[in-house]
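In this text the structure is predicted, and so the values were computed from the model without any measurement.
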Amino acid sequence: MGKDTIADVITSIRNADMNRRGTVQISSTNITENIVKMLLREGFIENARKHREGGKFFLVLTLRYRRNRKKRSYKTSLNLKRISTPGLRIYSNYQQIPRILGGMGIVILSTSRGIMTDREARLERIGGEVLCYIW
């Protein structure tokens, strides 16, 4: 784990999804818990639970897959992209928040009222730091 915990979480989820692993274990912080809650609420992951191991807390995520009937293979259904990094912060007001795939994907923002999706930020008319895109 490096200094950028959000990028580490996104990379862990992306790697587990590409390798077709059913579960992934990530470190538990306030920001990662909020991101996982949004992924769970939007239907990108199936289940999340908190696990304690040796005095540290971890989140164990169960990933969601779509099964292809013809080829009997699993198709990855999760694409994540980190936007704002510690070296280059990207901010947006509520009018200029990008729409991912015409509204099919979500943008996760860090606002003054907490971490929220692009739809919630537009409804509350509040901007913030663009953390990542998920589609």
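A continuous path of ILVMFWY side-chain contacts below 4.5 Å connects Ile31 to Val9, so both sit in one hydrophobic cluster. Linking Ile, Leu, Val, Met, Phe, Trp and Tyr whenever their side-chain heavy atoms come within less than 4.5 Å leaves Leu39 and Phe58 in two separate clusters. Ile106 and Tyr91 sit in two unconnected hydrophobic clusters of ILVMFWY residues. Membership requires side-chain heavy atoms under 4.5 Å apart, directly or through other members.
Residues Phe44 and Trp135 share a closest heavy-atom pair of CE2-C, 4.0 Å. Of all non-hydrogen atoms in Ile6 and Ile35, the two that sit nearest each other are CG2-CD1, 4.0 Å. Between Ile97 and Ser92 the shortest heavy-atom distance is N-OG, 3.3 Å. Nearest heavy atoms, Ile45 versus Arg64: O-NH2, 3.8 Å. The heavy-atom pair separating Leu63 from Asp17 by the smallest distance is CD1-N, 3.7 Å. Minimum heavy-atom separation, Asp118 to Gly105: OD2-O, 4.4 Å.
In this structure, Arg14 has no salt bridge (charged side-chain N to carboxylate O under 4.0 Å, His left out) partners at least two apart in sequence or on a different chain.
Arg82 places a side-chain N or O within donor-acceptor distance of the main-chain N or O of Leu131, the cut-off being under 3.5 Å. Between the side chain of Thr32 and the backbone N or O of Ser27 there is at least one donor-acceptor pair closer than 3.5 Å.
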### Message
side-chain contact (heavy atoms from CB on, under 4.5 Å) for Lys50 and Leu59? Distances and angles first, verdict last.
### Response
CA-CA 5 Å; Lys50 205 167 193 176; Leu59 292 172; 4.2 Å; yes
### Query
Step by step, would you call Asn15 with Thr11 a side-chain contact (heavy atoms from CB on, under 4.5 Å)?
CA-CA 6 Å; Asn15 288 342; Thr11 303; 3.5 Å; yes
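Each of Ile115, Asn34, Ile83 was evaluated against Ile108; a single residue qualifies, Ile115, per the side chain to side chain contact (heavy atoms under 4.5 Å, CB included) test.
Salt bridge absent: Arg113 and Glu120 never bring a charged side-chain N and a carboxylate O closer than 4.0 Å.
Heavy-atom neighbours of Arg41 CZ from other residues, nucleotides or ligands within 6.0 Å: above the threshold of 12.
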